[in-house]
Amino acid sequence: QVQLVESGGGLVQAGGSLRLSCAASGRTFSSYAMGWFRQAPGKERDFVASISWSGGKTYYADSVKGRFTISRDNAKDAVYLQMNSLKPEDTAVYYCAADLRNNYSDYVGYYVDEYDYWGQGTQVTVAS
């Protein structure tokens, strides 16, 4: 079992920045890949970014590439999403997720069904 708790969401003006955090517990955090997804009202949950167990490999959705940065601190059992140059279309509930099926692998998935555990989400609202 893995428990994930997101924090850091809020209301920000367009062009601003936010840093999301996700605290993990329950399994060896440093062994598995992590991802961030988001879901806007009435829409499907979409991939944002993912990072391998070591942090050595990352992958981003085209819509956030160059603006968002995913990172992790295995000593703190945490993964982060630094979001810069935010746009109103970034408004969504943001979820972190854990992929336990590719332990110690450089594979970083981007499909919802590749992830086994999910946090409760944190709301990000970008005002125009």
Side-chain angles (χ1 to χ4, degrees):
Q1 288 284 349
V2 172
Q3 293 79 44
L4 302 171
V5 180
E6 303 95 336
S7 61
L11 173 64
V12 64
Q13 294 293 317
S17 298
L18 281 175
R19 187 191 192 215
L20 305 184
S21 299
C22 173
S25 62
R27 289 279 294 269
T28 305
F29 177 76
S30 59
S31 69
Y32 51 86
M34 295 291 296
W36 285 97
F37 291 75
R38 66 187 181 186
Q39 188 167 18
K43 296 189 176 181
E44 294 185 349
R45 192 167 296 189
D46 291 331
F47 170 74
V48 176
S50 54
I51 188 167
S52 62
W53 67 279
S54 66
K57 188 167 182 179
T58 58
Y59 188 69
Y60 295 92
D62 288 343
S63 58
V64 307
K65 203 172 295 182
R67 300 188 298 122
F68 291 10
T69 302
I70 189 171
S71 62
R72 66 189 296 160
D73 185 340
N74 287 344
K76 295 183 178 180
D77 290 353
V79 63
Y80 308 99
L81 186 68
Q82 177 67 44
M83 306 186 294
N84 299 329
S85 302
L86 283 160
K87 305 175 181 180
E89 52 264 43
D90 294 318
T91 295
V93 177
Y94 283 71
Y95 299 89
C96 67
D99 171 12
L100 270 64
R101 284 170 272 181
N102 293 287
N103 281 11
Y104 299 112
S105 166
D106 283 339
Y107 177 78
V108 283
Y110 46 88
Y111 292 113
V112 169
D113 60 7
E114 292 183 295
Y115 288 82
D116 307 287
Y117 293 94
W118 295 81
Q120 83 290 348
T122 185
Q123 176 71 46
V124 171
T125 302
V126 184
S128 58

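Remember, predicted model here, so these are calculated numbers, not experimental data.
Side-chain contact check for Val48 versus Leu81: some heavy-atom pair is nearer than 4.5 Å. Within the 4.5 Å cutoff, side-chain heavy atoms of Trp36 are placed close to those of Ile70. Inter-residue side-chain proximity for Val12 and Thr125 is flagged as unmet; no heavy-atom pair is nearer than 4.5 Å. Annotation: side chain of Arg38 is in contact with side chain of Ser63 (closest heavy-atom distance under 4.5 Å). At least one side-chain heavy atom of Val124 sits less than 4.5 Å from a side-chain heavy atom of Leu18. In this structure the side chain of Arg45 reaches within 4.5 angstrom of the side chain of Tyr95, judged on heavy atoms. The closest side-chain heavy-atom distance from Glu6 to Gln120 is below 4.5 Å. Proximity of Thr122 to Val93: side-chain heavy atoms (C-beta onward) are nowhere separated by under 4.5 Å.
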| task | Evaluate the salt bridge (charged side-chain N to carboxylate O under 4.0 Å, His left out) criterion for residues Asp62 and Lys65: first the C-alpha distance (whole Å), next the side-chain angles of each, then the deciding distance (0.1 Å), finally the verdict. | result | CA-CA 5 Å; Asp62 288 343; Lys65 203 172 295 182; 3.1 Å; yes
| request: Give the intermediate values and the outcome of side-chain contact (heavy atoms from CB on, under 4.5 Å) for residues Arg101 and Asp116. | output: CA-CA 8 Å; Arg101 284 170 272 181; Asp116 307 287; 2.9 Å; yes
| Tyr117 and Gln1: side-chain contact (heavy atoms from CB on, under 4.5 Å), yes or no, with the steps? | CA-CA 8 Å; Tyr117 293 94; Gln1 288 284 349; 3.4 Å; yes
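Nearest heavy atom pair, residue Thr28 against residue Tyr104, reads CG2-OH, 4.3 Å. Across Val108 and Tyr59, no two heavy atoms sit closer than the pair CG2-CB, 3.8 Å. Heavy atoms only, all atoms of each residue included: Asn103 and Leu100 are closest at OD1-O, 3.1 Å. What you find for Val79 and Ser71 is that their closest heavy atoms are CG2-O, 3.1 Å. Summarising the geometry of Gly109 relative to Ser50, their closest heavy-atom pair is O-OG, 3.2 Å, with the distance given to 0.1 Å. Taking both residues in full, the closest heavy atoms of Gln82 and Ser17 are given as NE2-CB, 4.0 Å, listed atom of the first, atom of the second, then distance.
Side-chain N or O atoms of Arg67 include one that pairs as donor or acceptor with a backbone N or O of Ser85 at under 3.5 Å. Remark: side-chain polar atoms of Arg72 are paired, donor with acceptor, to backbone N or O of Ser52 under 3.5 angstrom.
Cluster annotation: Phe37 is not connected to Leu20 through the hydrophobic network of ILVMFWY side chains, with a link wherever side-chain heavy atoms come within less than 4.5 Å. Tracing side-chain contacts under 4.5 Å through hydrophobic residues (I, L, V, M, F, W, Y), one never reaches Met34 starting from Tyr115; they form parts of separate clusters. Follow the hydrophobic side-chain contacts under 4.5 Å out from Phe68 and you reach Val126 in the same cluster. Tyr110 and Leu4 end up in different hydrophobic clusters when Ile, Leu, Val, Met, Phe, Trp and Tyr side chains are linked at under 4.5 Å.
In this model, a donor atom of one side chain and an acceptor atom of the other lie less than 3.5 Å apart for Glu114 and Tyr107.
Note that OH of Tyr80 and OG of Ser7 are 9.0 Å apart. Values are rounded to the nearest 0.5 Å. Note that OG1 of Thr69 is 11.0 Å distant from CE of Met83, once rounded to the nearest 0.5 Å. Here OG of Ser128 is found 10.0 Å from CD of Glu89. Values are rounded to the nearest 0.5 Å. Taking CG of Asp46 as the start and OH of Tyr94 as the end, the distance is 10.0 Å to the nearest 0.5 Å.
In this structure, Phe47 has its ring center at least 6.0 angstrom away from the ring center of Tyr60. Taking the six-membered ring for Trp, Trp53 and Tyr32 have ring centres at least 6.0 Å apart.
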